[in-house]
Structures are given as C-alpha cells and as structure tokens.
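Here's the structure we're looking at; comments come further down.
Computation of the quantities below employed the complete heavy-atom set of this structure, encompassing side-chain atoms and omitting hydrogens, waters and symmetry-equivalent molecules. Remember, it's a predicted structure, so these values are computed and weren't measured experimentally. Every chain is numbered from 1 and lettered A, B, ... according to where its sequence line falls, protein lines coming before strand lines.
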Number of protein chains: 2
Amino acid sequence: MIQNSKKMQGVPEPTLRRMPCYLAFAEGLLRKGQQFVSSTQIANYMNIDPTQVTKDLSYTSIVGKTRVGYEVKAIVDVLSDFLGFSVMDSAFLVGAGSLGSALLHDNGLTHFGLNIVAAFDISPITIGRKINDIEVFHIDQFRDLAQELSVVMGIITVPAENAQTVADLMVAWGIKAIWNFTPARIKVPEDIIVQNTSLYSNLAIIFNKLHTEKN
Amino acid sequence: MIQNSKKMQGVPEPTLRRMPCYLAFAEGLLRKGQQFVSSTQIANYMNIDPTQVTKDLSYTSIVGKTRVGYEVKAIVDVLSDFLGFSVMDSAFLVGAGSLGSALLHDNGLTHFGLNIVAAFDISPITIGRKINDIEVFHIDQFRDLAQELSVVMGIITVPAENAQTVADLMVAWGIKAIWNFTPARIKVPEDIIVQNTSLYSNLAIIFNKLHTEKN
DNA sequence: TTTTAATAAAGAATAATTTCCTTATTAATT
DNA sequence: AATTAATAAGGAAATTATTCTTTATTAAAA
Ligand SMILES: NC(=O)c1ccc[n+]([C@@H]2O[C@H](COP(=O)([O-])OP(=O)(O)OC[C@H]3O[C@@H](n4cnc5c(N)ncnc54)[C@H](O)[C@@H]3O)[C@@H](O)[C@H]2O)c1
Ligand SMILES: NC(=O)c1ccc[n+]([C@@H]2O[C@H](COP(=O)([O-])OP(=O)(O)OC[C@H]3O[C@@H](n4cnc5c(N)ncnc54)[C@H](O)[C@@H]3O)[C@@H](O)[C@H]2O)c1
C-alpha cells in the first residue's frame with residue numbers, strides 16, 4: 001500500500017496545532033468578504049514566519065497563486081476537511097463540573113466537528129440536569145451504548161484522582177480516543193488515542209517568560 | 001552579566017510543558033509517602049523516554065541518586081520554585097462566561113501560583129455576582145488599578161471577536177502577560193508576553209490520529 | 001511594453017529536540 | 001566479598017521543526 005510520502009510521514013504536530021488557527025482566521029476573512037489571503041498576511045496575524053505558513057499549507061491540497069496568495073474559500077473548505085472538522089464525531093463527557101459544563105456549553109466544539117451526545121457524573125446534583133440540551137446521566141447508565149451510538153471519543157473532566165477509573169470505563173465502552181483534561185496521566189491499551197490537555201503547562205511557560213526573559 | 005549556559009539558552013518549551021506533570025505526579029507520591037522515584041517510574045507514568053525525564057530535570061538543581069532515583073520531596077520543592085508556582089502572581093480575568101467561570105472555580109490555578117483577584121464582564125447578568133468568592137465587575141471599573149494591585153496577568157475568556165479590544169485594555173492597564181483562551185490572535189507590544197491556549201488545536205491532533213494512524 | 005515587487009514553492013541550511021550510547025555509581029543479590 | 005542489575009548523567013547521534021535561499025510566476029506600476 002503506497003501512499004503519498006507526506007501522508008506516510010504524517011503531518012507534524014506543530015503544524016496540526018497551527019492549522020485550526022489558520023482556519024479560524026480564514027473563516028473571519030470569508031465573513032468579511034475577502035477573497036484572497038497571502039502567507040505574509042496569515043503569518044503577520046499569527047506572529048510567525050511566512051514560510052512556516054506555506055510549509056504548513058503544503059501538507060494539504062491547497063495551492064496558492066503567485067503574487068496573490070491563497071483563495072480564502074479554499075483554505076476554509078480544504079482545511080476543515082483536512083482537519084476532520086467537516087464530519088461530525090460523537091463524544092461522551094464524564095464529569096459535568098465547572099470545566100465539563102463549560103465544554104458542554106461551548107458551541108465551538110460542534111463547529112469543529114465534535115458533537116457531545118451525553119454527559120455523565122456521579123453527583124445527584126448534576127444528574128438529570130440538561131446542560132446546553134445535553135443530558136447528564138449517572139455514570140453507570142449506558143454502559144455499552146458507546147459502540148451502538150458510534151461514540152468515538154471520551155472527554156475526561158473529573159478530578160484528577162478519578163481520571164484512571166473513568167479512562168478504564170471508557171476503554172470498556174469501546175471508545176477510540178480520550179481527551180483528558182486532568183493533570184493525571186492515564187494508562188490505556190496502545191490502540192487508544194490519548195490527548196492530554198493540561199492547562200497548567202501554559203502557566204509554567206508564562207511564568208518562565210515573566211521571570212527570565214524580562215529583566 | 002554571565003549566566004549559567006543553560007539559563008542563557010532558556011529551558012525548552014516542551015520541557016516546561018512536561019514539568020508541571022512531573023510535579024503533579026511527585027505531589028501524589030509524596031501524599032502516599034513514597035520517598036524516592038526513578039526516572040524510569042516517571043517516564044512510565046508519562047509514557048515518554050526515561051532519558052527525557054533526566055534531561056528535563058537536569059535543567060533544575062535536582063540531582064538523582066544512582067540506583068535509587070530522585071527524592072520526591074526535592075522534586076516537589078525544587079520544581080514548584082523553578083516553575084514559579086511557589087510565589088503567587090495576581091491576575092484579572094475578563095469574560096466571566098462558561099469558560100471564565102470554570103477558571104474562576106478552579107483552585108488548581110491557585111495551587112500553581114495564580115491568584116485571580118477580580119473578574120470583568122459587560123453583561124448585567126454576571127456583573128455584581130461572586131464566583132468562588134471572586135467578584136465580577138463591569139469592564140469600565142478599575143481601569144488603572146492593575147499596577148496598583150500589581151496584577152501581572154490578564155486572562156481573556158470573551159468571545160473571539162472581542163479579544164483584541166480586551167487585549168488593548170489589558171495593555172493599557174499595565175499588565176505584563178496575557179493568557180488568551182480565544183482562537184483569535186491578538187496584537188500587543190513586543191514586551192507583553194502572550195500565551196495562546198487554543199483547545200481546538202487538540203481536536204485537530206486527535207482527529208488526525210483517529211483518521212490516519214488507525215487502519 | 002517593460003520593469004518592478006510580491007508572492008508561492010521547493011530545497012538547503014540551521015536550530016531545536018529527542019533518543020541513543022557510554023560511563024560511573026551503588027543498592028541488592030549471590 | 002564479589003557479582004549483578006538498575007540507575008543518573010553527560011555527550012553523541014538522530015530526528016524533527018523552523019528558517020533561509022533560490023527560482024519562477026505574475027499582478028501592478030512605470
Ligand atoms: N475548572 C477549570 O477551569 C480547570 C482548569 C484546568 C484543569 N481542570 C481540571 O479538570 C478537572 C475537573 O475540574 P473541575 O474544576 O471541573 O472540577 P469539578 O469538581 O467542578 O467537577 C468534577 C465533576 O466530576 C464529577 N465526578 C467525580 N468523580 C466522578 C466519577 N468517578 N465519575 C463521574 N463523575 C465524577 C463530580 O461530581 C463533579 O461534577 C480536574 O482534574 C481539574 O484539575 C479544571
Ligand atoms: N466554553 C468552552 O469550553 C470553551 C472552549 C474552548 C474555547 N473557548 C473560547 O473561550 C471564549 C469564551 O467562551 P465561553 O464559552 O466562555 O463564552 P461565553 O459566551 O459563555 O462567555 C463570554 C463572556 O464574555 C463576556 N463579554 C463579551 N464581550 C466582552 C467584553 N468586551 N468585555 C468583557 N466581557 C465581555 C460575555 O458577557 C460573556 O459573559 C471563546 O472565545 C471561546 O471560543 C471556550
């Protein structure tokens with residue numbers, strides 16, 4: 001099975017991180033009616049090097065026009081496809097607390113291809129409530145329904161000490177990817193995709209810059 | 001002014017991202033009463049290479065004992081100092097909506113050295129409320145108080161289209177660092193530190209793995 | 001029509017990061 | 001007491017990511 005060499009190697013993770021920002025920027029331009037955008041403009045917006053932008057976009061099928069730039073519409077269409085934002089994937093969220101509720105409220109996730117179909121908790125206070133039209137169930141309910149509903153992702157927003165328990169449950173549910181918002185690291189079978197999103201890491205970077213770069 | 005060459009070069013950002021995780025892990029071990037931890041154990045927990053752990057820790061003053069590992073207490077103490085988590089920095093949060101409220105509720109931030117002293121919004125519904133004992137003011141209030149209160153950081157959790165307006169305000173307030181949770185990129189003077197935390201980038205990475213690595 | 005300048009694209013060079021390899025140390029085992 | 005195995009640490013090598021350089025193209029200006 002021979003593939004395009006770029007696909008074989010995979011897209012660099014830093015590139016994947018930047019792409020949603022290009023997309024958001026292009027969507028804004030599209031709304032404003034701008035038809036073309038150059039790598040220079042995008043780079044200026046992102047505070048990065050213009051060649052970085054062209055390199056990143058070269059992983060996709062988007063081609064630019066010399067002296068003009070890229071067609072905004074093409075960036076929007078190709079990039080949302082490329083990033084998997086134009087097909088809707090379903091997710092379960094476990095832990096409908098502060099952060100979990102914020103995610104349930106966020107329509108940005110739907111816009112970027114993620115549809116949270118149900119939430120789970122153990123607290124009687126939250127169970128039964130609807131948050132942004134998404135119902136919160138007791139964690140013991142729906143145990144084998146993930147596969148049936150073709151839910152591919154599990155979102156963990158419980159306290160760190162319960163992250164592993166929840167992860168185990170999600171694996172049992174047949175979920176393929178886990179988005180873990182707790183600072184805890186979870187152990188799962190090799191074929192399960194795990195994305196850790198540790199907000200506190202950002203603090204470390206800010207503090208380091210605050211305390212060293214500046215005087 | 002001659003400095004240690006490691007300090008001159010700066011700590012790599014990936015290292016800074018991993019360090020808070022080492023810290024959280026060590027804190028857990030400390031609570032359980034474990035006295036030593038090896039790079040192998042940490043690496044196993046983090047799903048990374050053990051030499052990565054020793055390299056990362058070598059940026060700090062922590063030294064390990066052959067055949068034993070690192071003292072857990074030392075990791076906790078040195079790392080929280082090193083990351084700037086043991087001195088409290090003050091922040092203003094603007095946009096007390098879903099995500100803003102979650103951050104206001106999160107005591108993890110306090111634990112990692114960030115003290116949100118006040119929140120701002122424009123919606124009459126939220127203004128005047130207290131979230132986790134933090135009062136929400138109208139954005140027009142307190143205009144020059146940031147410096148007086150020595151607030152170094154501004155957190156932006158407003159809708160993307162208002163991010164720039166808020167950023168401009170924060171710069172005028174004399175804030176040194178901005179933690180931007182919107183997908184929009186903001187333009188600020190060079191000496192202002194900006195940390196963009198775009199949750200949607202994580203989606204791009206997960207989807208890419210879901211759609212390519214597997215099968 | 002000719003010239004100029006802005007641009008994409010591809011490849012080379014550089015820089016950053018991770019992984020590998022070697023050595024020395026030492027707790028645990030024999 | 002000698003041996004074994006697990007480890008930290010430092011440097012080398014490999015890998016990955018970014019930046020620089022060159023070339024070709026073309027819209028706009030002269
Ligand atoms: N709130 C934030 O802004 C924020 C920021 C960064 C990281 N985090 C992390 O996100 C996680 C959640 O934080 P939070 O502030 O939302 O906490 P929270 O206490 O508000 O919410 C946790 C929710 O999980 C539920 N829960 C607990 N154990 C459970 C289980 N076994 N199964 C199902 N549900 C369970 C609780 O009932 C609660 O509703 C924590 O790990 C925290 O460190 C939160
Ligand atoms: N909710 C999430 O989980 C989530 C996830 C990822 C990213 N985000 C991003 O975070 C941002 C906020 O999202 P949210 O879901 O909290 O939105 P939200 O609508 O719940 O909250 C936004 C708040 O900002 C206030 N606001 C608007 N303009 C303002 C201004 N000029 N000055 C002060 N306050 C102002 C609004 O009154 C509102 O209270 C968005 O950019 C969103 O894309 C949110």
Can you tell me how far C1' of C:dA28 sits from CZ of B:F36, to the nearest Å?
15 Å
Whole-Å distance separating the CD1 atom of B:I42 from the C1' atom of D:dT7
12 Å
A:K187 atom NZ, over 12 foreign heavy atoms within 6.0 Å:
yes
Look at the side-chain N and O atoms of B:T40 and state whether any lies under 4.0 Å from the OP1 or OP2 oxygen of D:dT7.
yes
Rounded distance (Å) that lies between atom C1' of D:dA9 and atom CG of B:L57:
12 Å
Using a cut-off of 4.0 Å on non-hydrogen atoms, how would the nucleic acid contact of B:T51 be classed: base, sugar-phosphate, or nothing?
base
Side chain B:T157, main chain B:V94, donor-acceptor under 3.5 Å
yes
Specify the separation, in whole Å, of atom OH of B:Y59 and atom P of C:dT18.
9 Å
When the ring planes of A:H211 and A:F207 are compared, do they come out parallel, tilted or perpendicular, using 30° and 60° as the limits?
parallel
Categorize B:T15 for me: base, sugar-phosphate, or nothing, with a 4.0 angstrom heavy-atom threshold over every strand shown.
nothing
d(CG, B:D56; P, D:dA8) in whole Å:
13 Å
Residues in side chain to side chain contact (heavy atoms under 4.5 Å, CB included) contact with B:T165, at least two apart in sequence or another chain:
none
Will you find, in the side chains of B:D49 and B:T51, an N or O donor that is under 3.5 Å from an N or O acceptor?
yes
A:I62 CD1 to C:dA10 P, straight-line distance once rounded to whole Å:
14 Å
To the nearest Å, how far apart are A:R17 CZ and D:dT18 C1'?
17 Å
Please check the phosphate of D:dT18 (OP1 and OP2 only) for any side-chain N or O of A:R18 closer than 4.0 Å.
yes
Which nucleotide, D:dT25, C:dA8, D:dT18, lies nearest any side-chain atom of A:Q52?
D:dT18
Which angle, rounded to 10°, do you find between the first-five-pair axis and the last-five-pair axis of the helix from C:dT1-D:dA30 to C:dT30-D:dA1?
10°
Without swapping roles, check the side chain of B:T182 against the backbone of B:A160 for a donor-acceptor pair under 3.5 Å.
no
For the side chain of B:R67 and the base of D:dA5, is some donor closer than 3.5 Å to an acceptor across the two?
yes
Whichever of A:P14 and B:P50 has the more 5' nearest nucleotide on DNA chain D, that residue is B:P50
Keeping A:N107 on the side-chain end and A:H111 on the backbone end, is there a donor-acceptor pair under 3.5 Å?
no
Got a donor-acceptor pair under 3.5 Å from the side chain of B:K55 to the base of C:dT19?
yes
From C:dT19, C:dA24, D:dA28, nucleotide with atom closest to B:D49 side chain
C:dT19
Rounding to an integer number of Å, can you tell me how far A:Y70 OH sits from D:dT25 P?
17 Å
So, does B:N132 use its side chain to make a donor-acceptor pair with the main chain of B:I134 at under 3.5 Å?
no
What nucleic acid atoms does B:S39 come within less than 4.0 Å of, heavy atoms only: base, sugar-phosphate, or nothing?
sugar-phosphate
